[in-house]
Amino acid sequence: MTPPDRALIERLRSLIARGEEARPSGPAIPLAPPIDAALPGDGLARGAIHELLTADPGAATAFAALILARAGTPTVWIEPTPDPYPAGLAPFGLDPATLIVVRADGTDALWAAEEALRAPAIAGVLASLPRLDLATGRRLHLAAEAGGTLGLILRPDTPNPPPTAARTRWRISALPTPGPAHRLGPPHWRLELLRARGAPPGTWNVAWDGTLVVLGAARAHG
Amino acid sequence: MAERRILALDLPRFAVDRAIRREPALADAPLALWTAEGPRRLITATNEHAGIAPGTPLADAQAIVPGLITRPADPAGDAATLRALATWCGGFTPLVASAPPDGLVLDITGCAHLWGGERPMLAEIARRVRGLGVAVRAAIAGTAAGALVLARGADGAIVTADRQAAAVAALPVATLRLDPDLAELAERFGLRRIGDLAAQARGPLARRLRPATLTLLDEVLGRSRRPITPIRPAPPAEATLDCAEPILTAEAIGAGIARLTARLCDDLIGRGEGVRRLALTCLRTDGTVQRIGIGTGLASRDAAHLARLLAPRIERIDPGFGIERMVLAAEVEPLDGRQAGLPGSAAAAATRREALARLLDRLRGRLGARAVVRLDPVPNHWPEQAVQPADPLAPPRPAPSAGQARPVRLARPPRRIDGVSLLPDGPPVRLGTMRVRRAEGPERILPPWWQFGLREAPRDYWRVETENGQRLWVFARRRDGTPEWFIHGWFG
């Protein structure tokens, strides 16, 4: 390699580095102390997309809602047939007054997600994208990076989910709760961190009682 | 022609009232407005604490009234405010004309009954104008000129067409507002009242006081009338581009749009307005017209943003054999230079709001306005109706207080599922293939019978947890005694 080439590469490298730092994306979003400790950056990183496999639609939606609420305002919710119910989301901290609900499917949904992620005015984006391929996922990730926005991708849980460009991938399921048969207490969920860049996988059983409480840390995975 | 009824407002100290509205502290001080006429500064108007005749040199006035506060007159501002006041009067009747420098004329034909008659209407309008801090005298007659003269000379007068001539005859000639030289002439002849003028032979009168005076006199007396010229809304915001060569390509149309939006936005900066709706009309060489349009969530005069909103619609334009002229017309609303005076955080919030509005405009532009909404909770117990889509930028409604637990997602419509319960009114023990482990309820919700009549059955809602922990919102609807089960939502 000749010296001018090296200089060019150095310059490109610095440009790339600067590009990545272009928009400071703010502190990571905390979940619960034991989980945050296991994630690089002490929580879910902003300026990135995260994937939630919805083993249970209710649990995954509620978990997504509480992350969106912690990301800040305003937030965007993109689905082919959006059915979020404000009265049910409010207990998870998500204020319907600052939630923009977008009905979009297919390429429209991808386009809307990219636009919203790229907008610095938006704090968080949730998008139901059942067929997100690696290249498109990478594109959304770059948009999130550019906007400093948190992106949550909801997709159905499948036994062998395809590779992902997301910073983290989770499977969210519901757990049966103890207690009397005629009363429902705080819900219990299983949060499985299947994949995270820069961190080992893990599983946590949690309860939601206004805050996220880790029950038994089944940290070791497999 | 049917008889018309005209209400006139005379604003005797309009310029002074405006000055005091700008600086309320001046209300209790001797105040004079002045204007420069060549090298001389002359008083144009004073308030009641000064009492100096208009036309007095400013220096003399300051000598006569110690402590006189003086402000330059602002005839252009007065005229603009008068026009604004005329627009404001459009709330009483659509036919309003301004009678500069300090009068307004409202054609109230057929309107007075809405206010309980002419006298209550007159009183109400006068009260509201006074509420704006502007002194007013008002009268109603059959012609605009007559009503104006009556307002000046007999505040509160309401005269019918047949009594108008007699009513104005008694008023001083000064209320006619003749040119000063004509007024002086009339004075010299000893013609003090309008009736004195009216009694003169028309020929000599026209010769001496000019024909225009005669015309005015006829209108004042109700012998003839002129239709009032209603004020028009502000001229439309438009930009036009004539193409040297008929254009055919999407790129050329895009370039044209860029120039038009830039020109339009330059114009709007001067007008202090921003675009809410935009229509692009393309005139083709074959004489037909192609049109596209967009709307914005917040008023905008960001040319690049507006061009971006139009861009996806260019493909809907069929240029045919070429477009020879493009016209961009905007529906506008006031948009002040908000960046100017706001403190840091408020400016940042405004910028954020604008950035958000731009995103919403783009989303709506492609997906349609109804696909981009905010879901407002509304106080309605029927679950399907407890949510209402709203404009995301509209002011938020107060959230209804939290009641019973509600699901994070609502099934629309409710999904029918086979359910088994052990007791007739009991919770389900099985839903489809799912075994129900626990159930909380029931919460009975009655249908809004005023909408559905009696065909919709009441629903008994249960929050249930299945054996694998899934939490559902289900209801039983009884038809002929047997419950039909539906899933209506999912809990976290």
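Just so it is clear: chains get the letters A, B, ... in the order the sequence lines come, proteins before strands, and each one is counted from 1. Everything numeric in this text was worked out from a predicted model, so none of it was measured.
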Per-residue contact mode, Leu410(B) against chain A (heavy atom under 4.5 angstrom): both
Leading residue by heavy atom contact count with chain A [cutoff under 4.5 Å; candidates Ala439(B), Ala355(B), Pro392(B)]: Ala439(B)
With only heavy atoms counted, which part of Ala87(A) is less than 4.5 Å from chain B, the side chain, the backbone, both or neither? both
Part of Leu472(B) within contact of chain A (heavy atom distance under 4.5 Å): neither
Among Arg364(B), Arg463(B), Arg412(B), the residue with the most heavy-atom pairs under 4.5 Å to chain A is Arg463(B)
Return yes if some donor-acceptor pair links the side-chain N/O of Glu440(B) with the main-chain N/O of Leu184(A) below 3.5 Å, else return no. yes
Counting C-beta onward and ignoring hydrogens, is there a side-chain heavy-atom pair between Asp56(A) and Trp490(B) closer than 4.5 Å? no
Sort out for me which of Glu467(B), Arg370(B), Arg366(B), Gln470(B) touches chain A most, counting heavy-atom pairs under 4.5 Å. Arg366(B)
Run Leu363(B) and Trp111(A) through side chain to side chain contact (heavy atoms under 4.5 Å, CB included) and show every step you take. CA-CA 9 Å; Leu363(B) 293 174; Trp111(A) 170 83; 3.8 Å; yes
Working to the nearest 0.5 angstrom, can you tell me the gap between Tyr85(A) OH and Phe491(B) CZ? 10.0 Å
Taking only heavy atoms into account, what residues of residues 96-108 of chain A are found under 4.5 Å from chain B? Pro96(A), Ala97(A), Leu99(A), Ile100(A), Val101(A), Val102(A), Arg103(A), Ala104(A), Thr107(A), Asp108(A)
Are any of the side-chain nitrogens in Glu115(A) or Arg362(B) under 4.0 Å away from the carboxylate oxygens of its partner? yes
As an exercise, state the distance from CZ of Arg438(B) to CZ of Arg183(A), rounded to the nearest 0.5 Å. 8.0 Å
Using a 4.5 Å cut-off on heavy atoms from C-beta on, say whether the side chain of Leu89(A) contacts that of Arg409(B). no
